[in-house]
S.K.: 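Mind looking over this structure? Questions follow.
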Amino acid sequence: MIPDAVLNRTHNCGQLRESDIGAEVRLCGWVRSYRDHGGVIFVDLRDRYGITQVVFDTPEEGDQAGQDSYELADSLRNEWVISIAGVVRHRGEDRINPKLDTGQIEVVSTELTVLNQSDSVPFEPDSFTSVAEETRLKYRYIDLRRPEMTRAMTLRHEITSAMRSVLDGEGFVEIETPFLTRSTPEGARDFLVPSRMNQADFYALPQSPQLFKQILMVGGLDRYYQVVRCFRDEDLRADRQPEFTQLDLEMSFVTQRDVMNVTNSVLRKVCQVAGKDFPEEVPVITHDEAMDKYGIDRPDIRFEMFLHDVSGIAGATDFKVFTAAIESGGIVKTLCVPGGAKFTRKEIDVYTAFVADYGAKGLAWSKLEDGAFAGGVAKFLSPEVQQQLRDATGANDGDILFFAAAGADDVNRVLAPLRVRVAEDLGLCDSETCAWCWITEFPLVSYNEQEKRWDSLHHPFTMPAVEDIEQLMSDPGAAKSLAYDIVCNGTEMGGGSIRIHDRHIQEKVFEILGIGPQEATEKFGFLLDALRFGAPPHGGLALGLDRIVMEMVSAPSLRDVIAFPKTQRGTCPLTGAPGEVDDKQLAELDLKIIVPHKN
RNA sequence: GGGACCGUAGCUCAAUUUGGUUAGAGCACCGGACUGUCGAUCCGGAGGUUGCGGGUUCGAAUCCCGUCGGUCUCGCCA
């Protein structure tokens, strides 16, 4: 039985300063390290607030309590949990540790209680050694003691707290929506949950609360938000987990600009909390412009280095790669890298291999030196063409041009990542900078060549930005939508749209997408019904909380800002999930496993 | 579904390129010394199915095949 008194902390381990000298204090925490000098023992005591040095001096003759305490201190080991009482004293000028916030002082222990011992830990929760991620996840409770993880978890809390406070101040209401819902036909693969009470039926975990939040608007709730878990059963990446968290919000009687303004307010506060700058005016870039200048709809605008469409110039050369691409309806774009003429052949080969991952057959290039193009494809570039290229790209001596020639989508798919890769290599991607931008005027739909049909670019409930519905029906590919994404440093941090609140327009959009009346009724009938009963104009947006926190702490992986994330194969080394279940459980669900287990 | 890299002591790594004696080091752990350290130091000790299985070879951590796991990535992710 632990006495109550030893649990009654007066301070935490990051708190004590010079002004506390002389105070009698009690601290609890973990032994981060112990330094036994024979006659004096130092213990660094750690909790999530910081580290305080505790000293055990040689006990006075006849001081039995001091003797016991000293002997106990002698037995302490890393990660034991202890409570100490003692007096704060100055360390002495030559003993101050500038690495610690509490480095001016130390606590002289008068009493020590071991609250719990610890086995020798698999790894030390400090910042010095890197540990394999699988090991970190298996022993996450130890990993979470590392200052970086503590910082990520607490900042994450502060960020969600800031989000809530801004939205609360704007009159939003946080409302929970179901996790057990129904599968929807489009989008990502659903996680399914069998229904015991409805044989052969399944719930699906929500990919997002999209339909529910629209229905909340029909319900007159006017301004909704939710910090909510979303589930998508797709392959994982460093920035993609099967379950992730969104700040989801929806508003009635608003324009696109209103939603963007509220989002800016939220992000401004988030950045303030995280110690990052947020611009007065967030740049707004149209989708067309983004694709043209950056080749991607989530441009990294920390640096310029634009792409240039040089189809007209390149088509007039004798270089077959260029002319063939143009003749088959493709384009030629170039990336002008200032100072890139210094790249060696070997470095260019690395970039060639890099773009091969994105499906490029090769990477044409030419350097600009002493007023003329040299190397690579220079021999195909007449003096006239060279001048035109310089005019089009603004290239100067010392630059290099990289070219890609193919269909427009393929060209952009290759050059956009190359642009970022080159910028990283040139040191243009400062991880402390947050360069936010909005992307607007997305196309409503894109043509899916494989399936021979139109797909929503955003989702099927996005309002078309067209006056004439007939025009929409006759040329869906030309239609823009009232959709918008918020981007930071080349990462999509969130997106949303003004929704369709008119049932007739919704039916037309389903028609374009090839969702027949029967399927629409079956899958979304409840939303279509709701739209018949006084749905207000509404729109909203969702922010990826995990990605925002990841950017705010410059973490390389989403796993570093999630307390208990999954590995790339979707497993949890801590719990062993996913795992087998009992035959009894399967029987209750009327399920039968027909494939033998891998093990 | 495809590509790349990785797997050696509890942890982080070396030895793999060029197959060759007993697989080494730091940290952690165990024992000892030390009255001012602070990622303490010093002395000593213990600790190994080189992920797993098979093959080549006189001989495999090293070469080959398979497999499991991890990371990155293309596809995928409205």
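Numbered from 1 within each chain, the chains take letters A, B, ... in sequence-line order. Both backbone and side-chain heavy atoms feed into the values below; hydrogens, waters and symmetry mates do not.
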S.K.: Rounded to whole Å, how long is the line connecting atom CZ of A/Arg569 with atom P of B/rU73?
M.R.: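 A/Arg569 atom CZ is separated from B/rU73 atom P by 17 Å.
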
S.K.: Give a yes-or-no answer on whether the side chains of A/Asn12 and A/Asp47 include a donor-acceptor pair shorter than 3.5 Å.
M.R.: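 No.
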
S.K.: Given atom CD of A/Glu124 and atom P of B/rA28, what is their separation to the nearest angstrom?
M.R.: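 Rounded to the whole Å, the gap is 7 Å.
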
S.K.: Considering every strand and a 4.0 Å limit on heavy-atom distances, what is the contact class for A/Ser118: base, sugar-phosphate, or nothing?
M.R.: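 If one applies the 4.0 Å heavy-atom cut-off, A/Ser118 turns out to touch nothing in the nucleic acid.
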
S.K.: Verify whether one side chain among A/Gln214 and A/Gln210 offers a donor that lies under 3.5 Å from an acceptor in the other.
M.R.: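 Indeed, the side chains of A/Gln214 and A/Gln210 share at least one donor-acceptor pair under 3.5 Å.
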
S.K.: Name the pairing partner of B/rC5, where a pair is Watson-Crick or G-U wobble with both distances under 3.5 Å, or state none.
M.R.: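 By the stated definition (distances under 3.5 Å), B/rG70 pairs with B/rC5.
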
S.K.: Taking only the P atom of each, what is the distance from B/rA4 to B/rG66 in whole angstrom?
M.R.: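 So the two P atoms sit 12 Å from each other.
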
S.K.: For A/Ser431, does its backbone N or O pair with a side-chain atom of A/Ser554 as donor and acceptor, under 3.5 Å?
M.R.: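 Yes, the answer is positive, given that a donor and an acceptor are paired below the 3.5 Å cut-off.
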
S.K.: Say whether, by atom type as modelled, one donor and one acceptor occur between the side chain of A/Ser183 and the main chain of A/Ala204 under 3.5 angstrom.
M.R.: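 Side chain of A/Ser183 to backbone of A/Ala204: no pair is present.
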
S.K.: Show the atom names and distances, to 0.1 Å, of all donor-acceptor pairs under 3.5 Å that link a side chain in residues 351-361 of chain A to residues at least two apart or in another chain.
M.R.:
| residue | atom | partner | partner atom | Å |
| --- | --- | --- | --- | --- |
| A/Tyr351 | OH | A/Asp425 | OD2 | 2.6 |
| A/Thr352 | OG1 | A/Ile348 | O | 2.9 |

S.K.: Please give, in whole Å, the distance from B/rG10 P to A/Ile142 CD1?
M.R.: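 Whole-Å distance recorded here is 15 Å.
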
S.K.: Can you say whether a donor on the side chain of A/Arg240 sits under 3.5 Å from an acceptor on the base of B/rC77, or the other way round?
M.R.: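 Flag set: donor-acceptor pair detected.
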
S.K.: Quick one, give me the B/S/- string for nucleotides 32-44 of chain B, reading 5' to 3', where B means a protein heavy atom under 4.0 Å from the base and S means that only happens at the primed atoms, P, OP1 or OP2.
M.R.: --BBBBBBB----

S.K.: Given A/Glu124 and A/Arg145, is the salt bridge (Lys or Arg N to Asp or Glu O under 4.0 Å) satisfied, shown in steps?
M.R.: CA-CA 9 Å; A/Glu124 294 296 312; A/Arg145 294 175 197 165; over 6 Å; no

S.K.: Could you measure between the two P atoms, the one in B/rU18 and the one in B/rG70, and give it in whole Å?
M.R.: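 My reading of the P atoms in B/rU18 and B/rG70 gives 32 Å.
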
S.K.: Quick one: label A/Arg77 by what it contacts on the DNA or RNA (base, sugar-phosphate, nothing), any heavy atom closer than 4.0 Å.
M.R.: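 Sugar-phosphate only.
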
S.K.: To the nearest Å, how far apart are A/Tyr139 OH and B/rA28 P?
M.R.: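 The answer, rounded to whole Å, is 18 Å.
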
S.K.: Donor-acceptor pair under 3.5 Å: do we get one between A/Arg237's side chain and the base of B/rG75?
M.R.: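 It does, because a donor-acceptor pair links the side chain of A/Arg237 to the base of B/rG75 below 3.5 Å.
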
S.K.: Which residue lies toward the 5' end of RNA chain B, A/Tyr358 or A/Val121, if each is placed at its nearest nucleotide?
M.R.: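 The residue closer to the strand's 5' end, by nearest nucleotide, is A/Val121.
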
S.K.: Could you check how far CD of A/Glu133 sits from C1' of B/rC6, rounded to whole Å?
M.R.: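 Computing the A/Glu133:CD to B/rC6:C1' distance gives 14 Å.
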
S.K.: According to salt bridge (charged side-chain N to carboxylate O under 4.0 Å, His left out), who are the partners of A/Lys213, at least two apart in sequence or on a separate chain?
M.R.: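 Salt bridge (charged side-chain N to carboxylate O under 4.0 Å, His left out) check on A/Lys213 returns A/Asp248, A/Glu250.
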
S.K.: Provide the distance between the two C1' atoms, one in B/rA15 and one in B/rG7, to the nearest whole Å.
M.R.: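 Pairwise C1' distance, B/rA15 against B/rG7, rounds to 16 Å.
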
S.K.: Could you give the distance separating B/rG10 and B/rG47 at their P atoms, to the nearest angstrom?
M.R.: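 My reading of the P atoms in B/rG47 and B/rG10 gives 12 Å.
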
S.K.: For A/Gln568, report the nucleic acid contact type (base, sugar-phosphate, nothing); a contact means any heavy atom under 4.0 Å.
M.R.: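 Base contact.
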
S.K.: Using the P atom on both, measure B/rA23 against B/rA28 and round to a whole Å.
M.R.: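 Comparing P positions in B/rA23 and B/rA28 gives a spacing of 25 Å.
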
S.K.: Taking B/rU16 as the reference, what is the distance to B/rC76 when you measure between their P atoms (whole Å, please)?
M.R.: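 It comes out at 42 Å once rounded to the nearest Å.
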
S.K.: Taking atom C1' in both B/rC5 and B/rU56, what distance in whole Å separates the two?
M.R.: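 Per the computed distance, 26 Å lies between those C1' atoms.
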
S.K.: How many Å lie between CG on A/Leu236 and P on B/rG69, as a whole number?
M.R.: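 Rounded to whole Å, this separation is 15 Å.
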
S.K.: Which part of the nucleic acid, if any, lies within contact of A/Leu457, taking any heavy atom under 4.0 Å across all strands shown: a base, the sugar-phosphate backbone alone, or nothing?
M.R.: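 Sugar-phosphate contact only.
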
S.K.: Starting from the 5' end of RNA chain B, give me the residue, A/Val131 or A/Thr571, whose nearest nucleotide shows up first.
M.R.: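 Result of the comparison: A/Val131.
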
S.K.: For A/Asn489, is there any backbone N or O sitting under 3.5 Å from a side-chain donor or acceptor partner on A/Glu551?
M.R.: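 Checked: no pair found.
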
S.K.: Does A/Thr462 reach a base, just sugar-phosphate, or nothing at all? Heavy atoms under 4.0 Å.
M.R.: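 Here A/Thr462 touches no strand at all.
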
S.K.: In whole Å, measure the gap between the P atoms of B/rU62 and B/rG53 for me.
M.R.: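 It works out to 13 Å between them.
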
S.K.: Please evaluate the base of B/rC74 for a donor-acceptor partner in the side chain of A/Arg413 within a cut-off of under 3.5 Å?
M.R.: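 There is none.
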
S.K.: Would you mind reading off the distance between A/Arg189 atom CZ and B/rG75 atom P, rounded to a whole angstrom?
M.R.: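 A/Arg189 atom CZ is separated from B/rG75 atom P by 15 Å.
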
S.K.: Taking any heavy-atom pair under 4.0 Å as a contact, classify A/Arg559: base, sugar-phosphate, or nothing.
M.R.: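 The residue A/Arg559 makes sugar-phosphate contact but no base contact.
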
S.K.: Strictly distance-based, threshold 3.5 Å: is any side-chain N or O of A/Asn412 a donor or acceptor partner for the main-chain N or O of A/Leu415?
M.R.: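 The answer is no, because no donor-acceptor pair under 3.5 Å joins these two groups.
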
S.K.: What is the pairing partner of B/rG48, taking Watson-Crick or G-U wobble pairs with both distances under 3.5 Å in any strand?
M.R.: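 Pair assignment: B/rG48 / none.
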
S.K.: How many Å lie between CG on A/Asn78 and P on B/rA28, as a whole number?
M.R.: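 Rounded to the whole Å, the gap is 7 Å.
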
